[in-house]
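All figures in this text were calculated on a predicted structure; none of them were measured in a lab.
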Amino acid sequence: MKLNGKQYDKFILNGKTYEKFYLNNKIYQSLDPGLILDLPLQNNFTDYSASGISMVAGNANGFPSFVSDGSGGFVLDFNGIKSIKTAVNLPINTSDKFSIEFDMKTTATGVQAILELSNSFDLNNAFGLFLNTTLSKLSLHDSAGRNEYNVIKSSIGVNTGSWINIVIQVDRALGVNQNKIFINKVLSFVNDSPLTDNNGNYGSYPLFIGQRNGSSLGFVGQMKNLKIYNYPIL
């Protein structure tokens, strides 16, 4: 079967059905169909999930640069004025839950946008992940419409200048304990849904990485191993 110019096949592993697709004479296997974006950020912007999404510059300033991690790998270095975004909408709009995992390093102290689903996280069924001014903690705004959010903040600061593993997880179907932040795989914050929660599937929007709408609140720091799932992973 061909889809968007790519050849897709199905295969079964341990009783589960997975996808395999062919692109530019290379075979990419998604051993997790719920993985909808997989950016190792190892000197390229290739999405290794079955989605195969192309990444483009978030604004006219161009792409952020890659720098060596000192051990043979690379990391994406954000300077506050450059960002990237998905060339098409992130395929999350059939889910009322998601998980985001990535590694980051920063010493920044101001309000900065790390990830944003849509060109404005105020839109219904969108979200924004920010570095917050309050002790430089992580802040997730899970939107139910303008000025109505599930807002969660990590219990500790993340601007230590060391590599930190971040997992953000939301399961709107739960209602109780639906919003979670994990720092280095340890639960840092959890809360229930407030009355403003919309309990719906997420919208069909592009994903911005490193700036809000590619134009403001630019992130200053480094990132690698970004993955987004349409289900809770922890």
Has [X] got a side-chain atom pairing as donor or acceptor with [Y]'s backbone, closer than 3.5 angstrom?
X    : Y    : result
D171 : A173 : yes
S154 : S188 : no
T46  : Y48  : no
S95  : N230 : yes
N184 : N165 : yes
S51  : I53  : no

**Q.** Intermediate values then yes/no, side chain to side chain donor-acceptor pair (under 3.5 Å), D103 and N225
**A.** CA-CA 6 Å; D103 299 311; N225 302 326; 3.0 Å; yes
Nearest heavy-atom neighbours spanning [X] and [Y]:
X    : Y    : answer
L174 : N177 : CD1-O, 3.9 Å
I36  : S49  : O-OG, 3.3 Å
L123 : S143 : O-OG, 3.1 Å
K185 : F182 : O-CD2, 4.0 Å
L135 : N159 : O-OD1, 4.3 Å
A126 : S120 : CB-O, 4.2 Å

Q: Applying side-chain contact (heavy atoms from CB on, under 4.5 Å), run through L138 and F130 and close with a yes or a no.
A: CA-CA 6 Å; L138 282 181; F130 300 90; over 6 Å; no
Spacing of [atom1] belonging to [X] relative to [atom2] belonging to [Y], to within rounding of 0.5 Å:
X    : Y    : atom1 : atom2 : value
I100 : Q169 : CD1   : CD    : 10.5 Å
L207 : S118 : CG    : OG    : 9.5 Å
Q211 : E116 : CD    : CD    : 10.5 Å
Y205 : T86  : OH    : OG1   : 13.0 Å
F189 : K153 : CZ    : NZ    : 9.0 Å
I84  : L76  : CD1   : CG    : 5.5 Å

Distance alone, cut at 3.5 Å: any donor-acceptor contact between the side chains of [X] and [Y]?
X    : Y    : answer
N191 : N179 : yes
T109 : S136 : no
S139 : H141 : yes
N59  : K82  : no
S83  : R212 : no

Taking the side chain as every heavy atom from C-beta outward, state whether [X] and [Y] have any pair of such atoms under 4.5 Å apart.
X    : Y    : result
I209 : M223 : yes
F121 : D142 : no
S99  : I228 : no
E101 : I233 : yes
K227 : L37  : no
F98  : F127 : yes
W163 : Q222 : yes
L115 : L226 : yes

Q) Does the salt bridge (Lys or Arg N to Asp or Glu O under 4.0 Å) test come out yes or no for D96 and R172, once each step is laid out? A) CA-CA 6 Å; D96 62 355; R172 288 175 163 178; over 6 Å; no
Q.
For a side-chain contact (heavy atoms from CB on, under 4.5 Å) check, start with the C-alpha distance between M55 and D47, then their side-chain angles and the critical distance, and finish with the verdict.
A. CA-CA 8 Å; M55 305 301 298; D47 169 26; 5.6 Å; no
What about [X] and [Y], same hydrophobic cluster or not, with Ile/Leu/Val/Met/Phe/Trp/Tyr joined at side-chain heavy-atom distances under 4.5 Å?
X    : Y    : value
V186 : L234 : no
Y202 : I114 : yes
I181 : L131 : yes
M104 : V220 : no
V190 : V176 : no

Q: Would you check, one step at a time, whether the test side-chain contact (heavy atoms from CB on, under 4.5 Å) holds for I183 with I164?
A: CA-CA 7 Å; I183 306 294; I164 295 177; 3.6 Å; yes
Q. Applying the side-chain hydrogen bond (donor to acceptor under 3.5 Å, both in side chains) test to S204, which of N93, N125, N89 qualifies?
A. N89
Q: Any chance you could lay out the side-chain contact (heavy atoms from CB on, under 4.5 Å) test for F74 and L41, step after step, and finish with the verdict?
A: CA-CA 7 Å; F74 294 87; L41 299 175; over 6 Å; no
